[in-house]
There are 4 protein chains.
Amino acid sequence: MIIVMSPKATQQNLEDVIKKVESNGLKVNLSKGEERTIVGVIGDKKKIANLEMIMMDGVEKTVRITEKYKLVSREFHPADSIIDVDGVPVGGKQLAIMAGPCSVESMEQLRESARAVKEAGAQFLRGGAFKPRTSPYDFQGLAEEGLKMLRKAADEFGLKVITEIVDKDDIDLIGEYTDVYQVGARNMQNFQLLKALGKAKKPVMLKRGLAATINEWLNAAEYIASGGNMNIIFCERGIRTYETFTRNTLDLSAVAAIKELSHLPIIVDPSHGTGRRELVEPMSRAAVAAGCDGLIIEVHPHPEVALSDGKQSLRPNDFRHLMGEVGKVAAVMGREL
Amino acid sequence: MIIVMSPKATQQNLEDVIKKVESNGLKVNLSKGEERTIVGVIGDKKKIANLEMIMMDGVEKTVRITEKYKLVSREFHPADSIIDVDGVPVGGKQLAIMAGPCSVESMEQLRESARAVKEAGAQFLRGGAFKPRTSPYDFQGLAEEGLKMLRKAADEFGLKVITEIVDKDDIDLIGEYTDVYQVGARNMQNFQLLKALGKAKKPVMLKRGLAATINEWLNAAEYIASGGNMNIIFCERGIRTYETFTRNTLDLSAVAAIKELSHLPIIVDPSHGTGRRELVEPMSRAAVAAGCDGLIIEVHPHPEVALSDGKQSLRPNDFRHLMGEVGKVAAVMGREL
Amino acid sequence: MIIVMSPKATQQNLEDVIKKVESNGLKVNLSKGEERTIVGVIGDKKKIANLEMIMMDGVEKTVRITEKYKLVSREFHPADSIIDVDGVPVGGKQLAIMAGPCSVESMEQLRESARAVKEAGAQFLRGGAFKPRTSPYDFQGLAEEGLKMLRKAADEFGLKVITEIVDKDDIDLIGEYTDVYQVGARNMQNFQLLKALGKAKKPVMLKRGLAATINEWLNAAEYIASGGNMNIIFCERGIRTYETFTRNTLDLSAVAAIKELSHLPIIVDPSHGTGRRELVEPMSRAAVAAGCDGLIIEVHPHPEVALSDGKQSLRPNDFRHLMGEVGKVAAVMGREL
Amino acid sequence: MIIVMSPKATQQNLEDVIKKVESNGLKVNLSKGEERTIVGVIGDKKKIANLEMIMMDGVEKTVRITEKYKLVSREFHPADSIIDVDGVPVGGKQLAIMAGPCSVESMEQLRESARAVKEAGAQFLRGGAFKPRTSPYDFQGLAEEGLKMLRKAADEFGLKVITEIVDKDDIDLIGEYTDVYQVGARNMQNFQLLKALGKAKKPVMLKRGLAATINEWLNAAEYIASGGNMNIIFCERGIRTYETFTRNTLDLSAVAAIKELSHLPIIVDPSHGTGRRELVEPMSRAAVAAGCDGLIIEVHPHPEVALSDGKQSLRPNDFRHLMGEVGKVAAVMGREL
């Protein structure tokens, strides 16, 4: 940590600052400039992390040099981590493709979806049985009934299941049916849920919050990791900006940023990230070219009757086309579908 | 709902749209322009709310006319609601002032805080016993031990208690000690928590999410209200923008907006809203002048040793000064402290 | 400036950094921590301002300690500056009230507006003769004909004139008619215009850009000041955020921030800042309570026929009411209308 | 246009609205719902564009159906336009690659840059002779001297020139040396400059404003087009968001959006878009995969001594590597380098 003293700081202010730092078992290094004195704090990282200096008289600002997350950082684990989802790897040479409807609506819908996404090359069936909706009067999902359908449809076609969890009480229930827990954007900083998932046995896909910085996202993952569950997959799904043409602004720089800062895999959700069907394919290609480890895409056999998010769902035909296009980009990236 | 047909829509597309609307028990009104046909949908609001048309072939866009929230709306209840917090009103002539430390740290700290805020005229003692922190390695609060101290300090000085809840499992536990449940910004769309609080007996203060629209905020309150708990207090605490000088951008327009759209009271948090001690007083005055029903302010007897958010905490002296200034503005607004 | 070396930096990297700093006539102070070495740069501010270190091998990041703006800073001129607009002060005890239509449309409209705003207590007539409009097909203003009307109406009622300049070629032309040049949000970083206004003889009101930080705004003002024109008035007019209920998000914290960082006066535009007529009065009260030096408000005798921005224009009656309300808040702030 | 009447609107309000619409030579279509009446406005697009109804009593809101830009729209010109830059096409099968230093600093620097970018396959040399800088004390560019160097270096290596214009007075001067005028983000809504460029003979590259919507960007282009110059190239360079890890948030969805809404080509600037050297290559690949028509990239022979933006400049070696990678993605997109 660096402590920048105000030009108006007195000698006494400076001495008090030094005293406080030293009383925490840390050392200081002074740098006296023309106008300001800079105090460098040296010593144990954890002690520094807990040091609060900004309120001391004469302190103008403090600058943190070291990030707080550790287990999820690239420094901690320089090689790429590959998450094993019951035999299907996420993070290696092969791209992980997750596809299916936004909400689970019926066995028929799921079976059609599962067939279509399997045929096109996906390894995961996605679908929400517990839906976090803006209004309490919107469709909230089929709950356990939906989970059963999801598992059944996935098993019929040899797919893995990923589904959203919105309540820590549901960890066991959902764990019976799913292969990956999905934490949605609204829950990225639901720390109780993250802590509980840190104790869970199955992998967790952590979506980026609507207005979360990359730093906050990494710290949210650290909540899961510090509980003991290192099987974490990041998912970029767009951030909230002033632009209204798209539902969110898909931040593909975050793919390269996460790859630099963390060893964990990252996949991209171009469906929620754009909210517009016609943008899903170009942004899928772009995501793979940016270096992501997979995609999660809304596919609905009949989007015109979907109970949620029909506007951004692809029809099976569109998805097949997308997979063909993505496959070409994957190939030049040295990846496989 | 208004359905705008694309200039390229065929007659068949239009007929399909009409058929779908009518099959939902609704009627249409056609408006044929030079380039586009507009389909007005007429009928029962709930049926319209569930209608998804955007995926139909030939549909360019749809425009919703009616909001989904109802119980919290001004239309539903034209007069201002006053929330009764165990005898202390929030929302009437008297401004509700909530003050105290960010985190509960010790009995000594709380007693000093309670004395100071009571003397300055506050009616509520605030303080966090369960803290949602960005990093798992930051101080997470004293839990029940903290709640006990909070209650004890408040009772000694005749104050009400407000404290944050981050887990629905804690409703009963916290309910034993607090007078108002606070839902923090990160949990504004933690719908499980909101639903559970809809069944609780005590008032809920709902902070605005970091990147929540006013519409989403009203819908979040509707989750609580639709569960049966109408004792809701809104709290504007700043939104996330690109500006870095302040921690958040305090959106005082939201005060006037909520007053227009809802019958429920709204208070303002200038401490989190600005993140800078020197801005708390001017923004408190401004909040009252904008028409808010109260303030929640961080006061710490010794902010330089605070375990969290010391940078934005006022010292007791500063708070007394603030109360004097706010009192003058309140008076010309026809409000009392 | 502080240079943070990467944990991977070699001794050679460090020596190269030191060499570059020293070759610029500056000195270094080394602070060796457990993982990283921090290099403090000491010496002449201007030399430091021009130092670019971030590309050197082994450098992780650099932190600037000193801002680049100078003439407009509070450090440079600790006392509040009062701008003299042909005998009317902006920045002192008396609030400066600027009011009138968005666009100049006719002599009749201006005369009605001028009468109304004068009677209500305004000292300035505002109105646009050159309008920067999003679409080339929107009404672009009456140009010199509009300026003449504006001057004539203002003179008839003893008002000063403020009007927007969008082209540096118009400085002399507009200068013949106006008392204050207004630089709109879109032109806040039109540096050619700012430089030209630095040579002008009349005061300049500089609106904050749609997405400008406070720091960029101060630097934009420095362009004018460094040209020789210190008669600058800041104007907060709302920033662009994701919120759609309001046209912009009025950032009243910026008022207190500018007061802290600069000696120059700041006024607030609640009309553009909210874009909604019903929010103008509460936000005007709030702005004054936050400590601003004046207001600029759209008033139109018949907003229902306005050629631009009718939605946010007040009718004369509304404006009179607003002035009464603002007057009460001003009084407790020790200000006068 | 659709006019939504308030539930409280009277019959008289409705009749007044109808009267106003009809007095503008337009027709209405009424749609009476349970709570609200909707008035559809039918007739000539230009007449509708100028209709302002929002201030009429009883009007709740108005919804525009048709965008105001026309010449730049895909509807107006369904086929892709290819811009001919003195023999080099922008917008066709071949990707346009523009590269070079942020600022022109010396003949030596330019010659090295030009050699490097030419060898790697670029067709354009970029470099700023007139620099819009946040602070007036930052390096402002070499002006005409810089233009001469730029032209000379480009000619030596058979490259086209693109350089920024910040002042309409410089159109002729810059036109003598450049092949494409670049309008920077800060000037995207400098309408005087856009109008002047509408009369210019050479192509214009229009960067997206820091906080510009796609709609505003298209309208800004319409200013140029409506002046007679249809040779416009869009350039996405990142938008301003709350994220601080990257300098801006590169919005690649805008590439697909512009392709859908306009016939004009769009290129991407990953250097300013990310502000971090290590992100330039992945985002270049992603941009091409998203369907852009070219890239503009900062390349500096010695970025560690660059006078501006060194942090995001590639070294010649990095750029060669990037071109190899981009070439592979281009190939599968059916494009050529």
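Residue numbering restarts at 1 for every chain, and letters A, B, ... go by the order of the sequence lines.
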Where does [X] contact chain A at under 4.5 Å (heavy atoms): side chain, backbone, both or neither?
X: D:Glu281; result: neither
X: D:Thr213; result: both
X: D:Ser253; result: both

Heavy-atom pair with the smallest gap, counting every atom of [X] and [Y]:
X: D:Pro282; Y: A:Ala256; answer: CG-CB, 3.9 Å
X: D:Val332; Y: A:Lys328; answer: CG1-O, 3.7 Å
X: D:Glu260; Y: A:Leu279; answer: OE1-CD2, 4.4 Å

Are the side chains of A:Leu250 and D:Leu252 in touch, meaning some heavy atoms are under 4.5 Å apart?
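Result no, sub-4.5 Å side-chain heavy-atom pair not found.
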Would a 4.5 Å heavy-atom cut-off, applied to side chains only, mark D:Thr249 and A:Ile239 as touching?
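Of all side-chain heavy-atom pairs linking A:Ile239 with D:Thr249, at least one is under 4.5 Å.
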Look at D:Glu278, D:Lys259, D:Arg276, D:Glu216 and state which one has the largest set of heavy-atom pairs under 4.5 Å with chain A.
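It is D:Glu278.
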Which one wins on heavy-atom pair count under 4.5 Å against chain D: A:Gly238, A:Pro270, A:Gly291, A:Ala212?
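Highest number of heavy-atom pairs under 4.5 Å: A:Ala212.
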Spacing of A:Ile214 atom CD1 and D:Thr246 atom OG1 [to the nearest 0.5 Å]:
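Result: 6.0 Å between the selected atoms.
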Hey, what do you get for OG1 (D:Thr241) to CD (A:Glu243), rounding to the nearest 0.5 Å?
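Answer for the OG1-CD pair, D:Thr241 versus A:Glu243, is 13.0 Å.
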Give a yes or no on whether D:Lys68 atom NZ has more than 12 heavy-atom contacts from other residues, nucleotides or ligands under 6.0 Å away.
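Above 12, so yes.
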Under 4.5 Å heavy-atom distance to chain D, tell me which part of A:Glu325 shows up: side chain, backbone, both or neither.
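For A:Glu325, neither part sits under 4.5 Å from chain D.
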Is a side-chain N or O of D:Tyr242 found less than 3.5 angstrom from the main chain of A:Arg240, in a donor-acceptor match?
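Side chain of D:Tyr242 to backbone of A:Arg240, a donor-acceptor pair under 3.5 Å: no, none is there.
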